[in-house]
Amino acid sequence: MSVGALRVGLAGLGTVGGGTWAVLTRNSDEIQRRAGRPIQITAVADLDQAKAKALTSGKARVLGDAMALAKDPEIDVVIELIGGYGFAKEFVLAAIAQGKHVVTANKALLAVHGNEIFAAAQKQGVMVAFEAAVAGGIPIIKALREGLTANRIEWIAGIINGTTNFILSEMRDKGLPFDVVLKEAQRLGYAEADPTFDVEGVDAAHKATIMAAIAFGVPMQFDQAHIEGISSLQAKDITYAEQLGYRIKLLGITKRHAEGIELRVHPTLISSKKLIANVEGAMNAVWVKGDAVGHTMYYGKGAGAEPTASAVIADLVDVARTLTADPDHRVPHLAFQPDALAKLPVVPIEKIESGYYLRLRVKDQPGVLADITRALADSQISIDAFFQREPDEGEHETDVVLITHLCKEQQMRDAISRIEELPTVLAKGVMLRMETFA
Ligand code: HSE
């Protein structure tokens, strides 16, 4: 070990752990010139010790039990790349209790248990750094917490899950159904064998929760997030949206609202002219609106070994630079001073305001459109765009597709309930939200 090196214990030598080892080894001189001291992984822990030994080739101690890292007096910082909320939580809390700084990529852990973890870190005067937890290699935490610190942030909207963005891009490009594209994504290694967290929007909601906390200075409120994924999205809605000039993206959205904050993840129509609508494949992008800076957007790889390692190592450098600083002089974990966090609630989804896409399966006969538009008018909902698919020959039913101007979600839900009761409407409507980002 070099004299004065920051001594790092790395728990979890999977994809990101391996990338962290590789980048730190490859760029050690450059990183040292920035950090002012060497940063050295002195010990690693992984259940697969043989793999860990092969990777580190005698340059770090190899342990089977990560908890030993948390308790090791020869380690200054631990990197948690174990994942999940169970053992990872115990490990992080144990490291904090031992006065160690923590770097983690674990969005689920922070979104669900962050309040407890940050309180423990505050008490111990240690850092918990988490740049890699949101949008992988994109330095969005740094941007929100430091670069935009002058601003009253108004909203954030992000494509923060690469798996679902890849699936949506493929569905649009090839006109294929969700199930087929998901299998392809799994074959290519974009989607996990169990893709639930990704495709059901949970992973994006973890990341949106973290961004909301640091943008608005509120505690983590993952349990209040409204979450809808893409597994029931139909290829025909992507096609119809495109005909109307929109693309469908799974967005994580958090906004200020008169009664608190909005925190939601759902498939969203966005004008195809907007930059974010053109973020394709597994890429991530986060769009932030601040009152002073206006619109800013951050784009890059949201996953992968070295992009995520880039964020992990940036956190290590931050720790190295402020290791000896008075804890009160460090950047607060959640950007705002801990005693200045606001108790803003997450507003229920019924209270948000949005434009809406509605697809209805209807009988092709006189008066159908009049009935539908009357039901919308009765709820004070104004129609922005509209079309009816020409029925195939011999077919007596068809799809009616419309987009509304902004209205309250409750208004829209009431109108849809009444529309679905019409005898000419043959199935439950498909409702999707549309954002203008005006
Ligand atoms: N599974 C995530 C994604 C990457 O598909 O973007 C890690 O958060």
Side-chain angles (χ1 to χ4, degrees), residues 12-20 79-85 88 103-114 129-141 156-171 178 181-214 220 222 225 227-231 233 248-253 265-268 276 279-287 298-315:
L13 264 185
T15 306
V16 178
T20 301
I79 306 177
E80 183 276 306
L81 299 174
I82 300 163
Y85 337 84
V103 172
T104 179
N106 192 334
K107 65 246 28 171
L109 176 66
L110 294 181
V112 176
H113 298 295
F130 51 94
E131 184 63 70
V134 181
I138 304 175
I140 187 63
I141 301 299
I156 302 173
I159 294 175
I160 43 181
N161 184 270
T163 306
T164 44
N165 203 51
F166 172 81
I167 293 173
L168 292 176
S169 297
E170 291 287 293
M171 286 174 76
F178 169 82
V181 179
L182 173 61
K183 284 206 179 75
E184 177 69 357
Q186 285 171 320
R187 196 183 62 76
L188 293 170
Y190 284 113
E192 307 275 346
D194 178 359
T196 313
F197 266 30
D198 288 324
V199 301
E200 299 304 346
V202 179
D203 174 73
H206 288 146
K207 295 165 182 166
T209 299
I210 295 171
M211 290 198 290
I214 59 175
M220 300 289 173
F222 172 72
I227 309 173
E228 290 172 34
I230 63 164
S231 59
L233 195 66
I248 300 179
K249 295 289 182 188
L250 184 72
L251 290 190
I253 297 173
V265 171
H266 49 71
T268 312
I276 201 164
V279 171
E280 297 289 13
M283 300 305 282
N284 280 202
V286 184
W287 189 0
Y298 311 83
Y299 171 87
K301 288 191 177 156
E306 295 208 356
T308 313
S310 166
V312 167
I313 296 167
D315 278 345

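When a ligand or atom number is given, it counts from 1 through the structure's own listing order.
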| task | Quick one: look at N284 and ligand 1, take heavy-atom pairs under 4.0 Å, and tell me if it's side chain, backbone, both or neither. | result |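 None of N284 does.
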| request: Apply the test side-chain contact (heavy atoms from CB on, under 4.5 Å) to residues I140 and E131: give CA-CA distance (whole Å), side-chain angles for both, the deciding distance (0.1 Å), then the verdict. | output: CA-CA 7 Å; I140 187 63; E131 184 63 70; 4.3 Å; yes
| Roughly how far apart are I141 CD1 and D315 CG, rounded to 0.5 Å? |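 It is 9.0 Å, given to the nearest 0.5 Å.
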| task | Rounded to the nearest 0.5 Å, what's the gap from OG1 on T104 to CG on L81? Could you check? | result |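 Reported value, rounded in 0.5 Å steps: 7.0 Å.
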Interfacing atoms of ligand 1 (cut-off 4.0 Å, heavy-atom, [X]):
{"X": "K207", "answer": "2 (C), 4 (C), 6 (O), 7 (C), 8 (O)"}
{"X": "A303", "answer": "4 (C)"}
{"X": "K107", "answer": "7 (C), 8 (O)"}
{"X": "D203", "answer": "2 (C), 8 (O)"}

| query | Relative to the ring of H206, is the ring of F222 parallel (under 30°), tilted (30 to 60°) or perpendicular (over 60°)? | reply |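 The rings of F222 and H206 sit tilted, inter-plane angle from 30° to 60°.
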| message | Within the structure, is a non-hydrogen atom of E192 found at a distance of less than 4.0 Å from ligand 1? | response |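 E192: no contact with ligand 1 (<4.0 Å).
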| task | Look only at interatomic distance and state if G162 has a nitrogen or oxygen under 3.5 Å from any nitrogen or oxygen of ligand 1. | result |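 The answer is yes, given that G162 and ligand 1 share an N or O pair closer than 3.5 Å.
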| request: Report yes if T163 has an N/O atom closer than 3.5 Å to an N/O atom of ligand 1; otherwise report no. | output: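 There is such a contact, yes.
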| said: Test your reading of the model: is there a side-chain donor-acceptor pair from N284 to the backbone of G300, 3.5 Å cut-off? | reply: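 Flag not set: sc N284 to bb G300 has no pair under 3.5 Å.
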| field | Backbone of E192 reached by a side-chain donor or acceptor of Q186 within 3.5 Å | value |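 Checking the backbone N and O of E192 against the side chain of Q186, a donor-acceptor pair under 3.5 Å is found.
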| task | Answer yes if the side chains of K249 and N165 hold a donor-acceptor pair under 3.5 Å, and no otherwise. | result |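 Side chains of K249 and N165: pair found under 3.5 Å.
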| message | Regarding atom 1 (N) of ligand 1: of the candidates D198, I159, V16, which has the closest heavy atom? | response |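 That would be D198.
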